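Atoms within each ligand, like the ligands themselves, are counted from 1 in listed order. Nothing here was measured: the structure is a model prediction, and the numbers come from that model.
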Amino acid sequence: MGLKKSKALYEKAVGLMPGGVNSPVRAFKAVGGSPLFIKKAKGSRIYDVDGNEYIDYVLSWGPMIVGHSHPAVVKALRSAIENGTSFGAPTPLEIELAEMVLKAYPSMGKVRMVNSGTEAAMSAIRAARGFTGRDKIIKFEGCYHGHADGLLVKAGSGAATFGIPDSPGVPKAYAKNTLTLPYNDAEAFKGLVDREWKSIACVIVEPVVGNIGCVLPKPGFLEALRKETKKHGLILIFDEVMTGFRVSYGGAQAFYGIKPDMTCLGKVIGGGLPVGAYGGRKEIMSCISPEGPVYQAGTLSGNPLAMTAGIETLKILSKKGAYEKLEKTMQRLEEGLKDAAKRAGVKTKFYRAGTMFCTYFTETDVVDYRTAKTADTGKFSRFFHGMLQNGINIAPSQFEAGFISLAHTPGDIGKTVNAAFKVLSGLKE
Ligand SMILES: *Cc1c(COP(=O)(O)O)cnc(C)c1O
């Protein structure tokens with residue numbers, strides 16, 4: 001299998017863009033080697049510039065839940081493009097997508113479209129601060145909410161420390177308003193909120209943590225967040241940028257039966273185009289400009305192509321049987337991967353919520369950032385490269401979730417499981 005063209009392009013790209021990429025995790029830094037340059041994708045398959053074909057479990061990091069280049073999405077986009085790509089004025093398409101989103105997420109009374117998950121989380125927090133008149137926020141270690149200043153904070157030694165930025169360039173003055181806690185630690189959360197609620201605007205959480213693999217909420221954890229925030233008037237924000245329309249059509253909030261005050265969406269609702277959204281209770285969203293004083297805007301927000309891709313994707317997903325099909329495919333893959341690891345004698349832990357999943361190379365139960373870090377990243381890297389050589393594309397990091405789409409067939413799953421067994425068998429020593 002040749003990778004000559006990808007390698008040559010990477011060498012060129014490195015001179016043009018930081019690390020040769022426009023988003024860091026694409027660069028294979030966590031697993032070594034150089035990234036594949038992609039030419040096209042169709043259904044469950046992705047093709048690199050050297051002509052290699054892969055079964056794809058990255059799916060553009062989640063959005064392509066109906067499969068790449070779905071004919072209905074492509075057709076609608078073709079027709080939308082003929083009418084112009086952006087007007088900077090309202091269109092009926094924005095109403096159509098907003099209605100679909102609000103119907104699927106009854107916790108939201110109103111929604112605002114933005115261009116990325118980062119914008120959604122950043123703007124939701126601004127709204128929560130504007131609404132409550134408080135400055136501090138609570139986030140959980142290992143949860144990713146985009147790269148806005150003040151959200152690039154994860155490290156907290158002890159129960160509640162003032163935030164220390166993860167990235168140079170984030171002023172300490174910003175980060176100190178971010179309080180961090182271990183995910184799944186309801187006691188620590190209750191303690192912090194009881195002590196400091198008067199200065200805390202909101203709590204933001206990935207209801208299932210997809211940005212350290214796939215970490216599930218312990219029974220009672222999300223309930224505790226809901227209870228304590230309600231008690232003290234804090235805004236509970238579910239960042240469902242990854243879990244929205246993924247864990248179920250109604251996201252993690254429908255799956256776990258918890259009603260947050262605000263929700264962030266992204267990834268799937270854009271159907272592969274840049275879209276994010278945030279929404280929540282009407283009285284909170286009424287604070288947003290021009291209805292209220294909290295400013296937030298976007299030249300390309302709600303643009304007709306992005307809305308079209310989102311609408312068509314959600315239409316396909318809302319058809320009867322779509323999630324049953326996804327679930328069936330997922331079960332097949334789960335059983336296959338677990339069985340392959342067992343037969344190969346490699347100790348792993350597998351987790352999933354709906355069709356986001358992760359296999360950790362560890363014997364420890366993964367419940368938070370610390371336990372996720374027990375995974376053997378060296379072993380993962382060898383697994384990753386082995387799978388790639390066998391025509392299976394998984395995310396190039398142990399700490400990313402995998403995804404499946406409606407386009408994945410039982411045949412795809414069979415090939416994947418066979419490859420996994422072969423590669424895992426070679427990892428034993
Ligand atoms: C991907 C992601 C984001 C950031 O979205 P972008 O579109 O990459 O800015 C935010 N929160 C969560 C939970 C995500 O998975």
Self-check item: Under 4.0 Å to a heavy atom of Lys267 - the qualifying atoms of ligand 1, by number
Solution: 1 (C), 2 (C), 3 (C), 14 (C), 15 (O)

Practice problem: Just need the protein heavy atom nearest to atom 6 (P) of ligand 1, so name the residue and atom and give the distance. | Solution: Gly117 N, 3.4 Å

Exercise. Considering the heavy atoms of Glu206, write down every atom of ligand 1 situated less than 4.0 Å from one of them.
Key: 13 (C)

Quiz item: Which residue and non-hydrogen atom of the protein lie closest to atom 8 (O) of ligand 1, and at what distance in Å?
Solution: Thr118 OG1, 4.5 Å

Quiz item: Numbering the atoms of ligand 1 from 1, which are under 4.0 Å from a heavy atom of His145?
Solution: 10 (C), 11 (N)

Quiz item: Is the Phe140-Phe221 ring centre distance short of 6.0 angstrom?
Solution: yes

Practice problem: Among all protein heavy atoms, pick the one closest to atom 11 (N) of ligand 1 and tell me residue, atom and distance. | Solution: Asp239 OD2, 2.7 Å

Exercise. Quick one: do Arg112 and Ser123 satisfy side-chain hydrogen bond (donor to acceptor under 3.5 Å, both in side chains)? Show the steps, please.
Key: CA-CA 10 Å; Arg112 167 68 59 88; Ser123 310; over 6 Å; no

Quiz item: More than 12 heavy atoms of other residues, nucleotides or ligands under 6.0 Å from CZ of Phe87: is that the case?
Solution: yes

Quiz item: Is the NZ atom of Lys42 crowded by more than 12 outside heavy atoms at less than 6.0 Å?
Solution: yes

Quiz prompt | Proximal ligand 1 atoms for Ser116, defined as those under 4.0 Å from one of its heavy atoms | solution = 7 (O), 9 (O)

Quiz item: Just wondering, are more than 12 heavy atoms of other shown residues or ligands nearer than 6.0 Å to CZ in Phe350?
Solution: yes

Quiz item: If you count the atoms of ligand 1 from 1 in the order shown, which ones are under 4.0 Å from a heavy atom of Asn211?
Solution: 12 (C), 13 (C), 14 (C), 15 (O)

Quiz item: Within 45 degrees of the axis of the six-membered ring of Tyr47 and under 6.0 Å from its centre: does Lys40 put its NZ or CZ there?
Solution: yes

